[in-house]
Amino acid sequence: MKKRFIFLGPPGAGKGTQAVEFCKKEELLYLSTGDLLRKEVEAGTSLGKEISLIMNRGELVSDSLVLSIVENCLSGESKGWVLDGFPRNLSQAKALEKLLTNINQKIEAVVQIDVGDDFLIERLLSRGRQDDNEEVIRHRLDVYKAQTAPLIEFYRGQEILKTIEGNGEIDLVASRIRKVLF
Ligand code: B4P
């Protein structure tokens with residue numbers, strides 16, 4: 001079995017925290033659309049400036065932009081991967097399916113990291129990234145519920161969804177993830 005996984009969850013659920021360590025251990029490609037978008041912002045390009053305005057409002061960046069990033073990274077990838085923060089809506093999920101069929105790859109499992117809103121807000125406020133102020137965080141949670149949460153049913157329907165409790169020590173959450181995947 002190729003290790004090809006998606007980590008799904010609300011902002012601050014710990015997708016990035018868990019996926020980075022998991023990929024180190026398993027020697028997989030780690031792909032965070034959030035990190036790649038932030039790199040573009042840091043580079044100060046005109047595209048980066050546009051992205052920065054969208055991220056700082058807590059909105060989603062356009063599907064076409066995110067898809068082109070993912071396509072470049074996954075084509076020709078053979079070791080396996082974890083996608084962190086992608087797909088973020090149904091249209092990205094369907095585009096990903098098409099892309100994977102074209103390159104003869106498939107998702108083995110989707111790990112849904114479940115954490116209550118109160119914990120999320122507390123965690124993100126203490127992280128303090130540019131898009132981590134309370135008003136923007138609440139908006140990101142609303143965007144998650146409206147656009148990303150429907151993916152839970154989508155992947156449940158494909159029988160590849162694994163849900164874990166994301167509250168608790170980081171190592172404990174990591175062990176819950178390994179338990180549902182291996
Ligand atoms: P992302 O970069 O994906 O970030 P996130 O959802 O805010 O955080 P994540 O869940 O990864 O939490 P983390 O591990 O960091 O998105 C940012 C923005 O990028 C989006 O709002 C959007 O604008 C844009 N974007 C990204 N992908 C997109 C896409 N596909 N389409 C369109 N737009 C897109 O953890 C958070 C904090 O919690 C950290 O401080 C961490 O130390 C702490 N933490 C983690 N686990 C913990 C635990 N178990 N206990 C206590 N604290 C914990």
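Small disclaimer: the values here were computed from a predicted structure and weren't measured. Quick note: numbers below take in every heavy atom, side chains included, and nothing from hydrogens, waters or symmetry partners. Counting convention: from 1, in listed order, for ligands and their atoms alike.
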### Task
Examine the proximity of ligand 1 to T17 and report which part, side chain or backbone, both or neither, has a heavy atom under 4.0 Å away.
both

### R127, any N or O under 3.5 Å of ligand 1 N or O
yes

## Note on the structure
protein heavy-atom neighbour closest to atom 4 (O) of ligand 1 works out as R129 NH2, 3.7 Å

### Protein contact of atom 10 (O) of ligand 1 - nearest heavy atom, named by residue and atom, plus distance
K15 NZ, 2.7 Å

### Query
By number and element, which atoms of ligand 1 are closer than 4.0 Å to a non-hydrogen atom of G16?
11 (O), 14 (O)

### Query
Would you say F86 and ligand 1 have an N/O pair spaced under 3.5 Å apart?
no

### Message
If the threshold is 4.0 Å, N to carboxylate O, is there a salt bridge linking R123 and D132?
### Response
no

### Query
Non-hydrogen atoms of G168 versus ligand 1: any pair closer than 4.0 Å?
yes

### Query
What atoms of ligand 1 come within less than 4.0 Å of a heavy atom belonging to E59?
22 (C), 23 (O)

### Query
Same hydrophobic cluster for V61 and I137, using side-chain heavy-atom links shorter than 4.5 Å among ILVMFWY?
no

### Query
Short N/O distance, under 3.5 Å, between L37 and ligand 1?
no

### Query
Using heavy atoms and a threshold below 4.0 Å, how should the contact between P10 and ligand 1 be classified: side chain, backbone, both, or neither?
backbone

Could you tabulate the donor-acceptor pairs under 3.5 Å formed by side-chain atoms of residues 169-182, not counting sequence neighbours?
| from | atom 1 | to | atom 2 | distance (Å) |
| --- | --- | --- | --- | --- |
| S175 | OG | L172 | O | 2.8 |
| R176 | NH1 | E165 | O | 2.7 |
| R176 | NH1 | N167 | O | 2.8 |
| R178 | NH1 | E26 | OE2 | 3.2 |
| R178 | NH2 | E26 | OE2 | 2.6 |

### Message
Between I103 and L83, is there shared hydrophobic-cluster membership here, with clusters defined by ILVMFWY side-chain heavy atoms closer than 4.5 Å?
### Response
yes

### Message
Between K24 and E21 (salt bridge meaning N to carboxylate O under 4.0 Å), is one present in this structure?
### Response
yes

### Task
Please determine if S32 has a nitrogen or oxygen closer than 3.5 Å to a nitrogen or oxygen of ligand 1.
no

### Task
Kindly say whether G9 contributes a backbone atom to a donor-acceptor pair with the side chain of K15 at under 3.5 angstrom?
yes

### Summary
Output for pair (E40 CD, E42 CD), nearest 0.5 Å, gives 10.5 Å

#### Entry: Numbering as shown, the atoms of ligand 1 that approach V66 to under 4.0 Å (heavy-atom distance)
29 (C), 30 (N), 31 (N), 32 (C)

### Message
Starting from atom 33 (N) of ligand 1, what is the nearest protein heavy atom, named by residue and atom, and what distance separates them?
### Response
V61 N, 3.1 Å

### Query
Against heavy atoms of G34, which atoms of ligand 1 measure under 4.0 Å?
2 (O), 26 (C), 27 (N)

### Derivation of the side chain to side chain contact (heavy atoms under 4.5 Å, CB included) call for V111 and I6
CA-CA 6 Å; V111 179; I6 291 174; over 6 Å; no

### Summary
Atoms of ligand 1 under 4.0 Å from any heavy atom of T33, numbered from 1 in the order shown, are 26 (C), 27 (N), 28 (C), 29 (C), 30 (N)

### Task
Considering the heavy atoms of Q92, write down every atom of ligand 1 situated less than 4.0 Å from one of them.
29 (C), 30 (N), 31 (N), 32 (C)

### Query
Counting both backbone and side chain atoms, is some N or O of E169 under 3.5 Å from an N or O of ligand 1?
no

### Task
Tell me, please: is I54 in heavy-atom contact with ligand 1, that is, under 4.0 Å?
no

### Query
Transitively linked via ILVMFWY side-chain contacts under 4.5 Å: L96 with Y144?
yes

### Query
What do you reckon, does V173 have a nitrogen or oxygen under 3.5 Å from a nitrogen or oxygen of ligand 1?
no

### Shortest protein contact, atom 1 (P) of ligand 1 (heavy atom only)
R88 NH2, 3.8 Å

### Task
List every atom of ligand 1 that sits less than 4.0 Å from any heavy atom of G85, numbering the atoms from 1 in the order shown and giving each element.
27 (N), 28 (C), 29 (C), 30 (N)

### For atom 38 (O) of ligand 1, the option (of E165, R123, E122) bearing the nearest heavy atom
R123

### Query
Counting only heavy atoms, which portion of R38 has something under 4.0 Å from ligand 1: side chain, backbone, both, or neither?
side chain

### Query
Once you round to the nearest 0.5 Å, how far does CD1 of I107 lie from OH of Y155?
4.0 Å

### Message
I need the atoms of ligand 1 closer than 4.0 Å to a non-hydrogen atom of A13, numbered in the order shown.
### Response
10 (O)

#### Entry: Under 3.5 Å: N/O of M55 near N/O of ligand 1
no

### Query
Any salt bridge between R38 and D35, counting N to O under 4.0 Å?
yes

### Side chain K94, main chain N89, donor-acceptor under 3.5 Å
no

### Summary
Checking heavy atoms under 4.0 Å, the part of R140 that sits near ligand 1 is side chain

### Query
What protein heavy atom sits nearest atom 8 (O) of ligand 1, and how far away is it?
G12 N, 3.4 Å

### Query
Can you hop from L67 to L31 via hydrophobic side chains spaced under 4.5 Å?
yes

### Query
Got a second to check how far L28's CG is from K2's NZ, nearest 0.5 Å?
10.0 Å

#### Entry: Donor-acceptor pair, side chain of S75 and main chain of E71, under 3.5 angstrom
yes

### Query
Under a 4.5 Å cut-off applied to non-hydrogen side-chain atoms, are I54 and L60 in contact?
no

